[in-house]
Amino acid sequence: QVQLVESGGDLVQPGESLRLSCAASGAALDRYAVGWFRQAPGKEREWVSCISASGVLAYYADSVQGRFTTSRDNAKGTVELEMHSLKPEDTAVYSCSIDRLEMTYADCPITIPSDRGQGTQVTVSS
């Protein structure tokens with residue numbers, strides 16, 4: 001059974017930074033592209049970023065482009081989302097996802113994840 005676990009969420013003030021981390025058990029995370037999604041209360045889940053299995057390619061939603069960076073340490077089996085210049089509208093539960101079922105599991109995008117973590121809460125408020 002694959003389990004993805006996110007960590008690093010916190011309450012921060014506007015303009016501050018946070019780093020989220022995603023780790024997996026039951027699967028070798030370094031084989032898969034990893035996507036970050038977020039969901040704010042009362043809103044649809046929104047795609048945030050995706051990084052290929054190799055770590056060479058990364059993609060971002062327009063809303064976070066230039067402020068968020070995703071990276072991975074395949075030796076440690078972790079993927080991180082570094083968030084800067086946080087805004088109140090970034091407040092959401094952030095989760096990481098993989099798709100083990102598609103042939104393109106090492107590449108972005110992740111359209112329909114096969115596995116998603118429970119998420120970590122990020123709150124940006126003064």
Side-chain angles (χ1 to χ4, degrees):
Q1 183 177 356
V2 176
Q3 187 174 16
L4 299 174
V5 179
E6 303 88 349
S7 60
D10 205 347
L11 168 63
V12 297
Q13 295 191 346
E16 293 187 338
S17 300
L18 270 180
R19 177 177 292 194
L20 308 183
S21 184
C22 172
S25 60
L29 197 61
D30 59 353
R31 297 185 62 195
Y32 303 101
V34 175
W36 285 95
F37 293 78
R38 66 185 181 185
Q39 188 164 21
K43 294 189 176 181
E44 298 274 329
R45 182 175 287 116
E46 175 188 18
W47 169 74
V48 174
S49 70
C50 183
I51 186 167
S52 63
S54 67
V56 172
L57 298 174
Y59 305 89
Y60 302 92
D62 288 344
S63 57
V64 306
Q65 180 75 48
R67 299 188 298 122
F68 290 13
T69 303
T70 185
S71 61
R72 62 192 308 154
D73 186 335
N74 283 341
K76 294 181 179 179
T78 59
V79 172
E80 296 191 334
L81 182 68
E82 196 163 342
M83 307 184 293
H84 297 289
S85 303
L86 283 162
K87 305 174 181 180
E89 50 264 43
D90 294 319
T91 296
V93 175
Y94 286 71
S95 58
C96 59
S97 303
I98 62 175
D99 183 3
R100 293 180 292 123
L101 304 181
E102 286 290 338
M103 293 292 290
T104 56
Y105 57 77
D107 301 317
C108 298
I110 297 174
T111 306
I112 302 176
S114 62
D115 303 275
R116 187 194 307 278
Q118 295 279 356
T120 185
Q121 177 70 48
V122 172
T123 303
V124 185
S125 176
S126 56

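Heavy-atom basis, side chains included; hydrogens, waters and symmetry copies ignored. Quick caveat, the model's predicted, so the values are computed rather than measured.
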Quiz item: With a 4.5 Å limit on heavy-atom distance, are the side chains of Phe68 and Ser49 in contact?
Solution: no

Quiz item: Is a side-chain donor or acceptor of Glu6 paired with a backbone partner of Cys96 at a separation under 3.5 angstrom?
Solution: yes

Quiz item: What's the shortest heavy-atom distance between Ala27 and Tyr32, and which atoms?
Solution: CB-CE1, 4.2 Å

Self-check item: Side-chain donor/acceptor of Thr91 to backbone N/O of Val124, under 3.5 Å
Solution: yes

Self-check item: Residue list, ring-ring contact (aromatic ring centres under 6.0 Å, His included) with Tyr59, at least two apart or on another chain
Solution: none

Quiz item: Would you say Val48 and Leu18 are hydrophobically clustered, going by side-chain heavy atoms of ILVMFWY under 4.5 Å?
Solution: yes

Quiz item: Rounded to the nearest 0.5 Å, how far does OG of Ser17 lie from CG of Asp10?
Solution: 12.5 Å

Quiz item: How long is the gap from CG on Leu20 to CG on Leu81, to the nearest 0.5 Å?
Solution: 5.0 Å

Quiz item: Mind checking what makes side chain to side chain donor-acceptor pair (under 3.5 Å) contact with Tyr94, not counting sequence neighbours?
Solution: Arg38

Quiz prompt | Check: Ser85 main-chain N/O paired with Arg67 side-chain donor or acceptor under 3.5 Å | solution = yes

Practice problem: Measure the spacing between CD of Gln3 and CZ of Arg116 and express it to the nearest 0.5 Å. | Solution: 15.0 Å

Quiz item: Can you tell if the side chain of Val34 reaches within under 4.5 Å of the side chain of Leu4, non-hydrogen atoms only?
Solution: no

Quiz item: Without hydrogens or angle criteria, can the side chains of Gln121 and Thr123 be said to hold a donor-acceptor pair below 3.5 Å?
Solution: yes

Practice problem: Using a 4.5 Å cut-off on heavy atoms from C-beta on, say whether the side chain of Val122 contacts that of Met83. | Solution: yes

Quiz prompt | Co-membership, hydrophobic cluster, residues Val93 and Val5, 4.5 Å side-chain | solution = no

Practice problem: Output the distance between atom CG (Asp115) and atom OG (Ser97), rounded to the nearest 0.5 Å. | Solution: 8.5 Å

Quiz prompt | Over 12 non-hydrogen atoms of neighbours within 6.0 angstrom of CD in Glu89 | solution = yes

Quiz item: Judged by modelled atom types alone, do Ser52 and Ser54 share a side-chain donor-acceptor pair under 3.5 Å?
Solution: yes

Practice problem: Looking only at non-hydrogen atoms, find the nearest pair between Pro14 and Ser125 and report the distance. | Solution: CD-C, 3.7 Å

Self-check item: Polar side-chain atom of Asp90 near backbone of Ser63 as donor-acceptor pair, under 3.5 Å
Solution: no

Quiz item: With distance as the sole test, does Arg72 use its side chain to make a donor-acceptor pair with the main-chain N or O of Leu29 at under 3.5 Å?
Solution: yes

Quiz item: With the 4.5 Å side-chain cut-off for hydrophobic clustering, are Trp47 and Ile98 part of the same group?
Solution: no

Listed pairs under 3.5 Å, donor-acceptor, residues 101-113 side chains, sequence neighbours left out:
from: Tyr105; atom 1: OH; to: Arg31; atom 2: NH2; distance (Å): 3.1

Quiz item: Between Thr70 and Cys50, is any pair of side-chain heavy atoms under 4.5 Å apart?
Solution: no

Practice problem: Look at the side-chain heavy atoms of Ile, Leu, Val, Met, Phe, Trp and Tyr, link any pair under 4.5 Å apart, and say whether Phe37 and Tyr60 land in one connected group. | Solution: no

Quiz item: Do you know the tightest heavy-atom contact between Ser71 and Ile51?
Solution: CA-CD1, 3.6 Å

